[in-house]
Protein chains: 2
Amino acid sequence: MKGTLKTIILHLLENEGRMYGYEISQKVKELSLDRIQLTEGALYPTLHKLEAEGWLNVEKEHIGRRVRKYYSLNKKGESMATQKIEEFKEFMDTMKLVLHLQPK
Amino acid sequence: MKGTLKTIILHLLENEGRMYGYEISQKVKELSLDRIQLTEGALYPTLHKLEAEGWLNVEKEHIGRRVRKYYSLNKKGESMATQKIEEFKEFMDTMKLVLHLQPK
DNA sequence: GCACATACCTAAGAATCTTATGTATATTGC
DNA sequence: GCAATATACATAAGATTCTTAGGTATGTGC
């Protein structure tokens, strides 16, 4: 995933408002046309890290007998989402220059 | 650099024919409009790895009293260069889908 | 009831990059 | 002439991020 996992998660939360881990992995699979299969070993530690960095709110909900953890962006998280997307766009533009790819 | 260093090196060698390490770092700086500053700690180990994987030819040349190591693609390296560029394009397309970016 | 999907989690190891350091020669500015 | 900078190679410690592999448990479809 080349270091873009945080960017993806922040963007999805910005777009959807509120998501839980498993839901994020399914959404990424769907949006990427099955090309990105998020592994749990990457997903959950990253969510915990984003939370620890103070960018996410977490709410636990009981669905039947199971606990589901819903994540959403707080204010800091919102500005981080915007920033990460901008950084990624700039990264793509730079790579196009270096790899001599036509902007299409 | 998000895992794109090999791709960049292979592409530059494909494009320029023959380059040495320091020259590669300067070319990347130039093409990226100073946005990518390749560090030697990343560059040289990667060159050695590409060589060990059997994708590069190496020729040593004496410039004054110094030794310069010129790298070029062999056949395997040429097909790897093409493949890596294709993979990167697909990666960008996938990211555009996931991040809801307009193809421009 | 058994397979599969849902839903969370962690830990070991691999890969890649940054930072720091080392060595040495060549060139440029004053 | 000499000091600073540029050229040119290299390695090693540590950080980050990801893969692989394992663990636990509930819910659903046939």
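In what follows, chains are A, B, ... by sequence order, proteins preceding strands, each numbered from 1. Predicted model only: the values in this text are computed from it and were never measured.
- Residues passing the side-chain contact (heavy atoms from CB on, under 4.5 Å) test with B:K75: none are found, sequence neighbours excluded.
- With sequence neighbours excluded, the residues forming a salt bridge (charged side-chain N to carboxylate O under 4.0 Å, His left out) with A:E30 are A:K27, listed by chain and number.
- Both A:I63 and A:G3 sit near DNA chain D, but only A:G3 has its closest nucleotide nearer the 5' end.
- Screening residues 48-85 of chain A for ring-ring contact (aromatic ring centres under 6.0 Å, His included), with sequence neighbours left out, gives A:Y20-A:Y70.
- Looking at heavy-atom distances under 4.0 Å, A:T4 makes contact with sugar-phosphate atoms alone, never a base.
- B:I63 and B:Y22 sit in two unconnected hydrophobic clusters of ILVMFWY residues. Membership requires side-chain heavy atoms under 4.5 Å apart, directly or through other members.
- Every residue two or more places apart in sequence or in another chain was checked for a salt bridge (charged side-chain N to carboxylate O under 4.0 Å, His left out) with A:K76, and none qualifies.
- Applying the ring-ring contact (aromatic ring centres under 6.0 Å, His included) test to every pair with at least one member in residues 26-45 of chain B, sequence neighbours left out, gives no pairs at all.
- Applying the salt bridge (charged side-chain N to carboxylate O under 4.0 Å, His left out) rule to B:E59 yields the partners B:R18; only residues at least two apart in sequence or on another chain are considered.
- Rounded to 10 degrees, the angle between the two end axes of the helix from C:dG1-D:dC30 to C:dC30-D:dG1 is 30°, with five pairs used at each end.
- Residues passing the side chain to side chain donor-acceptor pair (under 3.5 Å) test with A:S25, sequence neighbours excluded: none.
- Across every non-hydrogen atom of B:A81 and B:L73, the tightest pair is CB-CD1, 4.0 Å.
- Between B:Q26 and B:K69, it is B:Q26 whose nearest contact on DNA chain D lies nearer the 5' terminus.
- Judged as a salt bridge (charged side-chain N to carboxylate O under 4.0 Å, His left out), and not counting sequence neighbours, B:E87 has no contacts.
- Within the nucleic acid shown, A:K49 comes within 4.0 Å of sugar-phosphate atoms alone, with no base atom in reach, counting heavy atoms only.
- In the hydrophobic clustering, where aliphatic and aromatic side chains (Ile, Leu, Val, Met, Phe, Trp, Tyr) are joined below 4.5 Å either directly or transitively, A:L97 groups with B:L33.
- At a threshold of 4.0 angstrom between heavy atoms, the contacts of B:G64 are confined to the sugar-phosphate backbone, with no base atom among them.
- Looking at which nucleotide of DNA chain C each of A:E40 and B:T39 is closest to, the 5′-most match is held by A:E40.
- Between chain A and DNA chain C, the heavy-atom contact criterion of under 4.0 Å yields a 5' to 3' nucleotide range of C:dA5 to C:dA11.
- Where DNA chain D meets chain A (any atom under 4.0 Å from a heavy atom), the bounding nucleotides read 5' to 3' are D:dT17 to D:dG27.
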